[in-house]
Every structure is written in C-alpha cells, then in structure tokens.
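Residue numbers begin at 1 in each chain, while the letters A, B, ... track the order of the sequences.
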There are 2 protein chains.
Amino acid sequence: MGETNGVHWLDDGQQAAWRSFVVGNARFWEALSAAHDAELDLNLGEYTLLVQLSEQPDRTQRMSALADGLVLSRSRLTHTVARMEQRGLVSRCPADGDRRGVNCRMTDLGYAALVAAAPGHVRAVRRLLVDILDPEEMQALGRIMGKIGAAARHELTGDPRAC
Amino acid sequence: MGETNGVHWLDDGQQAAWRSFVVGNARFWEALSAAHDAELDLNLGEYTLLVQLSEQPDRTQRMSALADGLVLSRSRLTHTVARMEQRGLVSRCPADGDRRGVNCRMTDLGYAALVAAAPGHVRAVRRLLVDILDPEEMQALGRIMGKIGAAARHELTGDPRAC
DNA sequence: ATGTTGTAGTTGAGATCTCAACTATCTCAT
DNA sequence: ATGAGATAGTTGAGATCTCAACTACAACAT
C-alpha cells in the first residue's frame, strides 16, 4: 500500500486519525491551560508538579525522579522549581546519602495552593475529557496512550526492552 | 461515587487513564520532536506549518486561517512565520480583497525542505504511533481525539453548538 | 458621512524553555 | 588508592512564547 520512493506513506484513514490526534491534542491542552490561567492560582505545570510531590512520602522527591515523572528536562525542572521556590510553594534541600542529589519538598503553602486548585482542575478535566467520553472510550484512551508512551520511552532512552 | 465537598473526583480507573494520557502524550511529543531535531532540517512546528500550506491552493493561506488550522495564537504564528521568512521557507504578501489581511505562501525552497523532511517525519510517526497500535486502536484514537478536540474548541470559542 | 464595534495582524517586553557547558559527586575496575 | 566514565543538578545565553498594547481596516447601524 501507498509506497513511493521506498517511503510508506499513511493511508487516508491513518492520515485522518493522525490529524485528529494532533489537532485534538493541541486544543485540549490549550483549553485546560486556559482554565488554569482563568480560575486558578497555579498554572498547569505548577499544579502537575505539586500533584506529583503530594504523592511522595513526606511530599518530597529527588529532582531527577521528579523530572522523569513529569517528563521534563533536568534544566527545565531546575528553572521551574527555582521559580516555585521563590513563591514559597516548594523548598530544596540536599538529599541524604548522595551528596549530588537535591530533594524537592512541597511546603505547607504549596499544599494549600494545591488543595485550593484541585477542584477547579478536576472540574476542567471532567468537562474537557472524562465527561466527553463514554467510559469504554476513556478506558481505551488510557490503554492506547499507555502503549504510545511506552514506545516513546523506549526510543528516548534507547531502551530495547518492553517492560 | 467519589464525592467530597461537592467535588466529583476521578475514580481509580479514570485516574489511571488520565495519567496514561498525560504521560504518554508528553513522551510522544518529546520523541517526535527529538526525531525532527536529530534527523531533519525542519523542526516539528515548521514542518507542520509547511504541511498545512502545502495543502492550500497556490500553497498560500491567510495568517488567521493558518493560526486556526495549526491551533496557534496569532502572535505566535507571526513570530514563527517571521523566523521562517528569514530562512526563505515562506513569504508574506498582502491578501487581496481585504487590506488588513496577509497571505503566507510557501516558497520553492520551503517546498523542497518539506519534501526532504517528509520521509523522516512519516517514518517517525509510524515508528512512534501508527505501527505501535492495532488498526482498530488507531481508528479509535482518531475518533476519541476528535471528540476531545471538538469539546475543547467549544470551550475556547464559547461556542455552545455541537457542529 | 459618521461613529461604533469587530477583525487582522504586528510589536516589544517580559516570561519561559532549550542547549551546551560546567561543577561536584558517585561507581567501579584496576 | 586512583583514574575513567557515569550521574545529579545548575547555570547562563540565546531562542521561543505569552501577553497586552497598538495600527489599520472592515462592517454596519444611524
């Protein structure tokens, strides 16, 4: 099928699905980010970072683990955390056991900000995603994006194994 | 189900699907963007813009239509096009019929760059998405993201109708 | 014809992100 | 113990993006 110059182009159905993915995604994140900016005191990135921290023991996590979990570059995380530290949402201290390491810890102020923002965030996620889809579609989306994410991770880390 | 303080939190299955979506998405775009940076002379944004132009009559489109099609802000598009114009990939000229309007046109150099980049782009999209999924999953993804994108558009434009 | 409101696009300043160094520490084989 | 990589995190400069003006024109009612 559709091969020219040795390149396997996408057929019409694949093209259409790919377009929906690109455009739908862009619109979704734009809308979710806009909802944060309009109603909440934490933008989407800050909120996501605090959620991740809130799930760690002592609300603390190593910078590198945080970067991996949030799919952010080390550098970007450093800058983001520096800004959030200025606002008093998180604090940094040396990790114990590895003197290279740095722990990032959510402050009480950060926790309060997270609690204040959570309802608005969840409402937006429901309005824009969960309530839009049938339960089976939501489940399918999770499964499909899991596969996509795993494939991308393998490519990014040069990791050939399927874990 | 899961309601506290009048907020309808997500249940475990919804949470898991949402996480897969967030992380899978981030990884996918990171990997696709990295593939462009590593192998191609057009980054993902430039490539997408040129694809959009390539599908227009005379490879030309109004700035506003281009911004809508690519889900970019007007400002961001202006800056991006200005950079691409510097590189000779596109050119701008007044639109006829509306003296406020500006047309963006892909140059021959832009077309050549697009043609050169297309095989690598398609290979990456296959490797990271199309070949990862079963055909039914690819189709489902397109349908689901179409619904999500439509909902987001309604919210962004304040448009209550489901077209 | 005039005024009012909406649309198209740009601009520049500040915020954010990327990329390539760079320091410091750890790991581990010799 | 020592030296050669690997890993953790930061830094700063340059690239890119956002946001709020701003100009210019169009549409439309009075």
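The residue S64(B) sits close only to the backbone: its heavy atoms come under 4.0 Å of sugar-phosphate atoms, none of a base.
Once rounded to the nearest 0.5 Å, the distance linking CG of L49(B) with CG of L44(B) reads 11.0 Å. Note that the CG atom of L66(A) and the CG atom of L72(A) stand 7.5 Å from one another [nearest 0.5 Å].
Counting side-chain heavy-atom gaps under 4.5 Å among Ile, Leu, Val, Met, Phe, Trp and Tyr, the cluster of V71(B) also holds V23(A).
Taking a heavy-atom distance under 4.0 Å as the criterion, the stretch of DNA chain C touched by chain A extends 5' to 3' from dT16(C) to dC26(C).
Side-chain atoms of S20(A) do not come within 3.5 Å of backbone N or O of M145(B) as any donor-acceptor pair. When atom types are taken as modelled, the side chain of Q56(A) and the backbone of Q52(A) share a donor-acceptor pair closer than 3.5 angstrom. Side chain of Q14(B) to main chain of D11(B): a donor-acceptor pair is present (N/O by atom type, distance under 3.5 Å, no hydrogens or angles).
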Taking only distance into account, with no hydrogens and no angle test, what donor-acceptor pairs under 3.5 Å do side-chain atoms of residues 28-39 of chain B form with protein atoms, sequence neighbours excluded?
| unit_1 | atom_1 | unit_2 | atom_2 | d |
| --- | --- | --- | --- | --- |
| W29(B) | NE1 | N25(A) | OD1 | 3.0 |
| H36(B) | ND1 | L42(B) | O | 2.9 |
| H36(B) | NE2 | H121(B) | ND1 | 2.8 |

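Residue R99(A) places none of its side-chain N or O atoms closer than 4.0 Å to OP1 or OP2 of dG9(D).
Of the residues in residues 24-51 of chain B, those placing a heavy atom less than 4.0 Å from an atom of DNA chain C are D37(B), in numerical order.
Both T80(A) and D98(B) lie close to DNA chain C; mapped to their nearest nucleotides by heavy-atom distance, the more 5′-ward contact belongs to D98(B).
Both F21(A) and V22(B) are members of a single hydrophobic cluster when ILVMFWY side chains are connected at heavy-atom separations under 4.5 Å.
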Subject >> Reading 5' to 3' through nucleotides 1-7 of chain D, protein heavy-atom contacts under 4.0 Å coded B for base, S for sugar-phosphate only, - for none >> reply: -----BB
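Listed by first and then second residue, the salt bridge (Lys or Arg N to Asp or Glu O under 4.0 Å) pairs that reach into residues 88-102 of chain A are R62(A)-D98(A), E85(A)-R92(A), D98(A)-R100(A), sequence neighbours excluded.
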**OP:** Decide salt bridge (charged side-chain N to carboxylate O under 4.0 Å, His left out) for R143(B) and E137(A); before the verdict, give the C-alpha distance in whole Å, the side-chain angles of both, and the deciding distance to 0.1 Å.
**Re:** CA-CA 9 Å; R143(B) 186 171 42 77; E137(A) 288 177 328; 2.5 Å; yes
